[in-house]
Amino acid sequence: MKALQPVRGTRDLIGDDARRHFRVVDTARRVTALYGASEWATPIFESTAVFARTLGETSDVVTKEMYTFEDRSGESITLRPEATAGICRAVISNGLTQTLPQKIFFQGPMFRYERPQKGRYRQFHQIDFEIIGAAEPLADAEAIACGWQILRELGIADGTVLNINTLGDKASRDAYRTALVDYLSRYEADLSADSRTRLARNPLRILDSKDSGDIALLAAAPVIYDHLNAESAAFYDGVKSALAQFGIPFVENPRIVRGFDYYNHTAFEFVTTELGAQGTVLGGGRYDGLMEQMGGPSIPGIGWGAGIERLAMLLADVPEAASMIAVIPMGEAQYPAALGILNRLRNAGIAAEMAYRGNVKRRMERANRIHARAAIIIGEDELARDAVAVKFLDDGTQREVAIGDLAALLR
RNA sequence: GCGGACGUAGCUCAGUCGGUAGAGCGCCAGGUUGUGGUCCUGGAUGUCGUGGGUUCGAUCCCCAUCGUUCGCCCCA
């Protein structure tokens with residue numbers, strides 16, 4: 001029995017789960033197209049270096065969460081833990097650096113070896129939007145606007161809050177890191193154990209610590225905004241004013257740091273309070289140095305990823321669509337007529353099916369179960385007049401219809 | 001990776017102070033030989049997550065393991 005269960009942290013998408021999942025994907029595909037995106041798909045695994053080099057040697061994803069293995073030729077392969085690195089690799093591999101900017105919609109499974117929880121899986125799925133080759137703050141605002149519109153169209157925007165921050169350019173970020181380390185080092189003994197480790201490895205990460213002692217210490221800590229150089233400050237102002245012009249509400253949150261090392265300037269998260277510790281539902285930022293870090297030319301980028309499972313859990317009910325027509329012959333004598341009608345309907349673009357067996361009652365039950373909108377009942381008497389009975393299942397009304405009129409009536 | 005809770009029918013759950021189990025929903029059949037969704041009647045369901053231990057006897061107690069879940073870490 002154990003072998004027949006899905007592997008820990010993975011799950012099947014069937015029925016309601018599947019409807020929710022594809023509702024998210026379909027909505028994202030449609031909305032990102034409104035912003036000019038083309039859909040891409042890249043391989044599910046890459047050379048390990050693609051992720052190890054870009055996500056940062058100290059990030060948890062790299063140090064302990066990657067699904068990494070050697071293939072038969074001894075090459076180190078990693079199942080992608082996120083989308084951006086693979087997309088950037090594809091830009092370089094395909095020589096797309098001459099046709100920028102590119103706006104990309106992306107969707108598919110990601111893999112991280114973590115302890116599963118609600119809204120966190122080892123194989124999870126993301127929708128992803130990237131704008132590559134645009135250094136203007138308008139691109140940041142547009143990426144955020146796109147994410148916001150998706151959340152709105154999914155009906156979950158009201159429960160989420162957009163948090164934005166800036167990490168500045170490299171010079172600003174380095175200056176801030178120094179100031180922060182200076183400050184926190186004075187209270188090192190009071191920091192939580194986790195944060196003492198972070199102080200050496202990745203001090204900015206202390207900013208989003210959930211330890212109450214850390215939070216108290218951070219109240220008087222230096223703030224990034226005081227360490228931005230003129231260029232970085234102007235960029236940040238540009239993003240904020242474009243967001244205002246798009247009519248997108250946001251709060252500034254100097255604690256938003258984001259996990260991967262490749263981020264600079266804009267960082268943002270849409271957060272909900274309804275998913276416990278997994279509250280970040282859509283997050284991203286700018287990654288101007290990433291392409292160069294991968295060995296490509298210096299090309300700026302901005303993008304976000306969103307967890308489909310987390311979005312799907314927040315959706316209101318997604319009912320099954322009542323779109324089928326059930327074709328019901330009274331008996332085997334009516335099969336030829338029934339198959340002819342099935343064919344006529346399908347060729348006219350109308351979804352229709354006929355059960356493989358069963359009497360009329362059984363077939364009516366099935367029609368109800370598949371949420372058919374109407375049943376075409378084919379009996380000897382009506383057939384003699386080149387007609388059939390059409391019963392609409394929502395209100396139970398029934399009438400006789402000429403076979404030639406079926407497609408027009410049911411379209 | 002660390003700490004807590006949980007694991008009984010397809011689903012949601014009850015239960016046994018240790019004597020091999022029950023409800024609702026769903027499913028199947030009939031009431032209705034050419035008509036579903038409502039209603040009535042009847043029926044089938046489970047190695048009580050898995051392995052081991054204690055016991056005359058374990059679904060119940062103990063240990064391990066797998067899975068789920070909550071928090072931490074981290075992140076979508």
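Pair assignment for B:C72 gives B:G1, based on Watson-Crick or G-U wobble hydrogen-bonding distances that are each under 3.5 Å. Base pairing of B:G36 is not made with any nucleotide, judged by Watson-Crick or G-U wobble geometry with both donor-acceptor distances under 3.5 Å. Under the Watson-Crick or G-U wobble criterion, with both distances below 3.5 Å, B:C6 is paired with B:G67. Across every strand in view, B:A14 sits unpaired, with no contact that passes the Watson-Crick or G-U test at under 3.5 angstrom. Judged by Watson-Crick or G-U wobble contacts below 3.5 Å, the nucleotide B:C27 has B:G43 as its partner. Nucleotide B:U54: unpaired (no Watson-Crick or G-U wobble partner with both distances less than 3.5 Å).
Computed from coordinates, the A:M330 CE to B:U33 C1' distance equals 12 Å when rounded to whole Å. Here B:C73 presents its C1' atom at 16 Å from CG of A:L191, a figure rounded to the nearest Å. A:D381 has its CG atom 9 Å from the C1' atom of B:G34, to the nearest Å. The CD atom of A:Q334 sits 14 Å away from the P atom of B:U35 (whole-angstrom rounding). In this structure, A:R362 places its CZ atom 13 Å from P of B:U33, rounding to the nearest Å. In this structure, NZ of A:K361 is placed 9 Å from P of B:U33, rounded to the nearest angstrom. Summarising the geometry, the separation between CG on A:N359 and P on B:U35 is reported as 9 Å, rounded to the nearest angstrom. Rounded to a whole Å, the CG atom of A:D12 is 12 Å from the P atom of B:U68.
Nucleotides B:U54 and B:G7 place their C1' atoms 22 Å apart, quoted to the nearest Å. Nucleotides B:G53 and B:G10 have their C1' atoms positioned 33 Å apart, rounded to a whole Å. On the P atoms, B:U12 is 29 Å away from B:C2, given to the nearest whole Å. For the C1' atom pair drawn from B:G52 and B:U69, the interatomic distance equals 26 Å after rounding to whole Å. Taking the P atom of each, B:A58 and B:A44 are spaced 27 Å apart, rounded to whole Å. Nucleotides B:A29 and B:U65, compared at atom C1', are 43 Å apart to the nearest Å. Using atom P as the reference point in both B:G15 and B:G1, the two lie 34 Å apart (nearest Å). B:C70 and B:U38: their C1' atoms are spaced 42 Å apart (whole Å).
A donor N or O paired with an acceptor N or O is not found under 3.5 Å between the base of B:G67 and the side-chain atoms of A:R11. Side-chain atoms of A:K391 and base atoms of B:G36 include a donor and an acceptor less than 3.5 Å apart. No hydrogens or angles were tested; on distance alone, a donor-acceptor pair under 3.5 Å links the side chain of A:E382 to the base of B:G34. Scanning atom types as modelled, one donor and one acceptor separated by under 3.5 angstrom connect the side chain of A:R310 and the base of B:C75. Residue-to-nucleotide contacts include a donor-acceptor pair under 3.5 Å from the side chain of A:N368 to the base of B:G36.
Nearer to the 5' terminus of RNA chain B, by closest-nucleotide assignment, is the contact made by A:P116 (compared with the other of A:P116 and A:D211). Residues A:G379 and A:A306 both approach RNA chain B. Their nearest nucleotides, taken by heavy-atom distance, put A:G379 toward the 5′ side.
For the pair A:R198 and B:C74, the criterion of a side-chain N or O lying under 4.0 Å from OP1 or OP2 is met.
Side-chain contact annotation: A:D194 with A:T197, donor-acceptor N/O pair under 3.5 Å absent. Side-chain contact annotation: A:T10 with A:Q123, donor-acceptor N/O pair under 3.5 Å absent. In summary, the side chains of A:E114 and A:Y121 do not present any donor paired with an acceptor at a separation below 3.5 Å, with no hydrogens or angles considered. Side-chain polar atoms of A:Y263 and A:N165 form no donor-acceptor pair below 3.5 angstrom. Side chains of A:T78 and A:E46: a donor-acceptor N/O pair is absent below 3.5 angstrom, by distance only. No hydrogens or angles considered: nothing links the side chains of A:H125 and A:Q107 as a donor-acceptor pair under 3.5 Å.
When A:I302, A:L243, A:I131 are each tested for a side-chain contact (heavy atoms from CB on, under 4.5 Å) with A:E142, only one passes: A:I131.
Out of B:C75, B:U68, B:U35, the shortest distance to the side chain of A:R8 is found at B:U68. Comparing atom distances between the A:R115 side chain and each of B:U35, B:G1, B:C73 picks out B:G1 as nearest. Residue A:R369 has its side chain nearest to B:C28 when only B:C73, B:C28, B:G3 are considered.
Contact annotation for A:D394: base contact, defined as any heavy-atom pair under 4.0 Å involving a base atom. Residue contacts shown for A:E114 include a base, since a base heavy atom lies under 4.0 Å away. Using a 4.0 Å heavy-atom cutoff across all strands shown, A:G284 reaches no nucleic acid atom at all.
Ring-centre distance between A:F105 and A:F129: not below the 6.0 Å cut-off. Two rings, from A:F250 and A:F268, have their centers 6.0 Å or more apart.
Taking every heavy atom of residues 43-50 of chain A and every atom of RNA chain B, no pair lies under 4.0 Å. The stretch residues 117-130 of chain A touches RNA chain B through A:Q117, A:K118, A:G119, A:R120, A:Y121, A:F124, A:Q126, each having a heavy atom under 4.0 angstrom from the strand.
Judged by the 6.0 Å and 45° rule, A:R122 forms a cation-pi pair with A:Y113.
To the nearest 0.5 Å, the span separating CG on A:N359 from CE on A:M330 amounts to 10.5 Å. Here CG of A:D16 is found 7.0 Å from CG of A:D317. Values are rounded to the nearest 0.5 Å. To the nearest 0.5 Å, atoms CD1 (A:I376) and CZ (A:R344) are separated by 10.0 Å.
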